[in-house]
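Reminder, nothing fancy here: chain letters follow the sequence lines and each chain counts from 1.
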Number of protein chains: 2
Amino acid sequence: MKYKIEKDPDPNQCEEIFSEAVRRGRMIVVVGRCSVDYEGRTQSYLPDGDRMIVRKPDGNFLVHTDENRKPVNWQPEGSSCKSFVDDGFVLLSESSSPDEVIEVRFDTVYTLSVYSISDDRSVEKYGTEKNIQDYLVENPEYIQDGFRVIEDERDTDVGAIDIFGYDADGSPTIVEIKRRRAGPDAVQQLRRYVENFEEKHEDTERPNGILMAPSLTEGAEGQVGRYGFEFREVPEKMYSTDQSTKLTDFT
Amino acid sequence: MKYKIEKDPDPNQCEEIFSEAVRRGRMIVVVGRCSVDYEGRTQSYLPDGDRMIVRKPDGNFLVHTDENRKPVNWQPEGSSCKSFVDDGFVLLSESSSPDEVIEVRFDTVYTLSVYSISDDRSVEKYGTEKNIQDYLVENPEYIQDGFRVIEDERDTDVGAIDIFGYDADGSPTIVEIKRRRAGPDAVQQLRRYVENFEEKHEDTERPNGILMAPSLTEGAEGQVGRYGFEFREVPEKMYSTDQSTKLTDFT
DNA sequence: AAATCCATTTCGTGC
DNA sequence: GCACGAAGTGGATTT
């Protein structure tokens with residue numbers, strides 16, 4: 001990996017190095033005192049202050065201050081980025097649909113760094129909602145004793161049901177899974193599926209609704225009762241990477 | 001603003017500079033080839049590759065690759081960060097409630113940069129949902145001819161109604177506002193408020209439901225009809241900072 | 001491109 | 001602290 005760092009560069013140096021780095025698709029980091037203007041879906045203005053600007057090869061453009069996880073301003077993947085000198089070094093990043101612009105006007109550039117980095121390795125993730133769902137489909141006894149899975153991700157015209165099946169009595173049952181503490185929105189989601197099923201199958205009985213999550217908020221608990229749904233606890237760690245512990249964790 | 005940049009530092013130099021920079025609450029940027037382990041609410045593993053690690057004074061810890069806006073791994077504000085040498089330079093960032101850990105093991109550190117930046121300037125924002133709501137409360141004729149606002153942000157036990165009022169006929173009306181194209185979730189939100197009001201006021205008629213947004217998705221349009229709600233278009237730019245153009249924009 | 005939903009959502013606000 | 005909902009949500013997946 002090659003890199004180049006310029007300390008206290010003047011505006012013309014910045015312009016030259018930056019524009020070439022953009023052309024070559026480099027990762028660029030500029031740290032300096034600047035003001036930031038954003039206009040697009042909304043607008044914002046940030047007066048002069050010290051910030052770190054990152055331009056990625058894929059077009060992402062980030063303006064970071066010394067705090068917060070999220071950039072204070074940004075542009076999405078695919079954005080263009082021009083630089084020029086106008087009474088100082090200026091960066092202009094533009095994106096389309098929707099049309100949005102960020103203009104960064106530097107009072108001073110402290111450092112300008114260019115990196116030629118690439119990273120084709122993809123991240124392996126565990127413990128997502130999909131992991132829990134897959135596990136429950138394979139081990140339906142954890143949903144309910146005698147539960148039979150009919151369909152994983154059953155599409156309906158109001159969204160996809162996580163798991164659809166029949167309980168031990170043969171009643172249609174809709175299962176909604178949340179990876180963490182469930183709020184009212186989760187109950188409403190389940191309700192939407194249950195009522196849609198009811199409308200579409202007026203000949204059959206109202207399906208059961210089961211909400212599976214580690215816990216419920218108070219509001220969600222009230223709604224689960226009101227709509228006659230069932231809550232079943234999913235131990236937070238049932239989806240551990242260590243498959244051998246699942247059974248014991250769950251019982 | 002002071003800064004210090006070390007090129008191709010060895011693990012011991014990294015450890016020394018990094019730990020002092022953490023102690024002093026500096027903004028730190030490390031670029032190098034590393035693997036990243038995350039364990040917490042979920043887990044992930046990222047094999048060796050070139051990445052940029054940022055540690056902010058407020059404890060935020062970001063691992064960026066050459067693509068995507070979001071860091072591939074991160075820790076929130078308030079996280080601790082230790083560094084040590086173990087067959088190479090290692091960063092360990094820990095946070096609590098929930099307990100989470102990121103470990104970054106460097107194969108090679110290309111650059112280690114430390115910045116003393118501070119930015120007390122706050123960003124000014126325009127064009128949020130709140131801006132639209134405030135405008136409609138002041139100009140209720142844009143909700144409906146003869147509309148009377150009774151309450152802005154009316155709290156209920158199923159959430160806060162954006163605007164509650166009476167239409168020209170004196171019928172209770174619930175208004176839900178979306179800043180952008182509204183989907184089924186927006187209709188369900190409105191439905192929740194309307195049905196809750198109905199339950200709480202069985203003596204009065206069912207309140208009207210009005211959904212205000214720039215446009216509706218197809219699914220949302222069907223549901224608006226099904227539930228007997230009304231959709232009213234909010235021109236995307238009605239909340240422009242230039243107040244003088246609002247009336248013309250809107251008509 | 002549009003729609004839908006998960007996310008280590010993050011972020012703000014109110015209780 | 002928790003709960004609830006907005007966000008320039010981001011991002012993946014499917015249509």
Side-chain angles (χ1 to χ4, degrees), chain A residues 38-44 60 68-77 79 95 97-102 123 125-133 153 155-162 176-186 188-189 192 215-222 236, chain B residues 38-44 60-61 63 67-77 79 95 97-102 123 125-133 153 155-162 176-186 189 192-193 215-222 236 239:
Chain A
Y38 156 69
E39 270 193 55
R41 281 164 292 185
T42 70
Q43 301 106 255
S44 74
N60 274 294
N68 295 320
R69 185 171 339 174
K70 285 178 66 171
V72 65
N73 279 118
W74 68 91
Q75 285 283 37
E77 193 178 336
S79 304
S95 60
S97 59
D99 288 347
E100 306 198 281
V101 185
I102 287 182
V123 60
K125 293 185 173 185
Y126 315 95
T128 63
E129 180 178 300
K130 192 66 176 61
N131 294 145
I132 304 175
Q133 187 169 332
E153 286 292 316
D155 274 328
T156 75
D157 51 7
V158 292
I161 293 169
D162 286 340
E176 174 62 30
I177 302 161
K178 289 294 164 202
R179 197 183 52 76
R180 47 175 218 173
R181 192 170 174 79
D185 53 333
Q188 291 299 323
Q189 201 176 336
R192 179 150 47 111
S215 58
L216 291 182
T217 67
E218 202 178 341
E221 194 173 345
E236 199 129 17
Chain B
Y38 156 70
E39 269 192 57
R41 281 164 290 186
T42 71
Q43 300 107 254
S44 74
N60 273 295
F61 186 89
V63 181
E67 47 189 21
N68 292 320
R69 184 173 341 174
K70 285 179 68 171
V72 65
N73 279 118
W74 68 90
Q75 284 283 38
E77 192 177 337
S79 304
S95 60
S97 60
D99 289 346
E100 306 198 281
V101 184
I102 287 181
V123 61
K125 291 185 175 185
Y126 316 96
T128 63
E129 180 178 300
K130 192 67 176 60
N131 293 146
I132 304 175
Q133 187 170 330
E153 286 293 315
D155 273 328
T156 76
D157 50 7
V158 293
I161 293 169
D162 285 341
E176 174 63 30
I177 302 161
K178 289 295 166 203
R179 199 185 49 76
R180 50 175 211 174
R181 191 171 176 82
D185 53 332
Q189 201 177 334
R192 178 151 46 113
Y193 300 139
S215 59
L216 292 181
T217 67
E218 201 177 342
E221 194 174 347
E236 200 128 18
Y239 46 75

Student: Give the rounded distance in Å between these two atoms: CZ of B:Arg69 and P of D:dA12.
Tutor: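 From B:Arg69 CZ to D:dA12 P: 12 Å.
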Student: Are A:Ser97 and C:dA1 close enough that a side-chain N or O sits under 4.0 Å from OP1 or OP2?
Tutor: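 No.
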Student: May I ask you to verify if any side-chain N or O of A:Lys178 is less than 4.0 angstrom from the OP1 or OP2 atom of C:dA7?
Tutor: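 Checking A:Lys178 against C:dA7: no side-chain N or O falls below 4.0 Å of OP1 or OP2.
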Student: Less than 4.5 Å apart, side chain to side chain, heavy atoms only: is that true for B:Ile177 and B:Glu129?
Tutor: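 B:Ile177 vs B:Glu129: side chains touch.
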Student: Taking C:dT8 as the reference, what is the distance to C:dT4 when you measure between their P atoms (whole Å, please)?
Tutor: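 23 Å, rounded to whole Å.
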Student: Could you give the distance separating D:dG8 and D:dC4 at their P atoms, to the nearest angstrom?
Tutor: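 Their P atoms lie roughly 23 Å apart.
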Student: NA contact type, A:Val158, heavy-atom cut-off 4.0 Å: base, sugar-phosphate, or nothing?
Tutor: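 A:Val158: backbone/sugar contact only, no base atoms under 4.0 Å.
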Student: Measure from OH on A:Tyr126 to C1' on C:dT8 and round the result to the nearest Å.
Tutor: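 In whole Å, C:dT8 C1' lies 15 Å from A:Tyr126 OH.
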Student: It should be established whether B:Lys70 places a side-chain nitrogen or oxygen under 4.0 Å from OP1 or OP2 of nucleotide D:dG11.
Tutor: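 Checking D:dG11 against B:Lys70, no side-chain N or O comes under 4.0 Å of OP1 or OP2.
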Student: B:Glu67 near the nucleic acid: base, sugar-phosphate alone, or nothing, with a heavy-atom cut-off under 4.0 Å?
Tutor: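 The residue B:Glu67 makes no contact with any strand.
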Student: Look at A:Arg192 and C:dC5 and indicate whether a side-chain polar atom (N or O) is within less than 4.0 Å of OP1 or OP2.
Tutor: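 Answer is yes, contact under 4.0 Å.
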Student: Do any N or O atoms of the protein come closer than 3.5 Å to N or O atoms of nucleotides 13-15 of chain D, and which pairs are they?
Tutor:
none

Student: Applying a 4.0 Å non-hydrogen cut-off, can you work out what A:Glu129 is touching in the nucleic acid: base, sugar-phosphate, or nothing?
Tutor: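 The answer is sugar-phosphate, as A:Glu129 gets under 4.0 Å only of primed atoms, P, OP1 or OP2.
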Student: Classify A:Val101 by what it touches in the nucleic acid, base, sugar-phosphate, or nothing, heavy-atom distance under 4.0 Å.
Tutor: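 Here A:Val101 touches no strand at all.
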Student: Using OP1 and OP2 only, check whether a side-chain N or O of B:Thr128 sits under 4.0 Å from D:dG8.
Tutor: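 Checking B:Thr128 against D:dG8: no side-chain N or O falls below 4.0 Å of OP1 or OP2.
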Student: Taking only side-chain N and O atoms of A:Gln189, does any of them lie within less than 4.0 angstrom of OP1 or OP2 on C:dC6?
Tutor: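 Indeed, a polar side-chain atom of A:Gln189 lies that close.
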Student: Hey, does A:Glu100 reach any base, or is it just sugar-phosphate, or nothing, if we go heavy atoms under 4.0 Å?
Tutor: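 Touches a base.
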Student: So, is B:Arg181 close to the C:dA3 phosphate, meaning a side-chain N or O under 4.0 Å from OP1 or OP2?
Tutor: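 Checking C:dA3 against B:Arg181, a side-chain N or O does come within under 4.0 Å of OP1 or OP2.
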Student: Does B:Tyr193 have a side-chain nitrogen or oxygen under 4.0 Å from the phosphate oxygens OP1 or OP2 of D:dG5?
Tutor: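 Yes, B:Tyr193 has a side-chain N/O under 4.0 Å of OP1/OP2 on D:dG5.
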Student: If we call it a pair only when both distances are under 3.5 Å in a Watson-Crick or G-U wobble match, what pairs with C:dG14?
Tutor: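 Check on C:dG14: paired to D:dC2, both distances under 3.5 Å.
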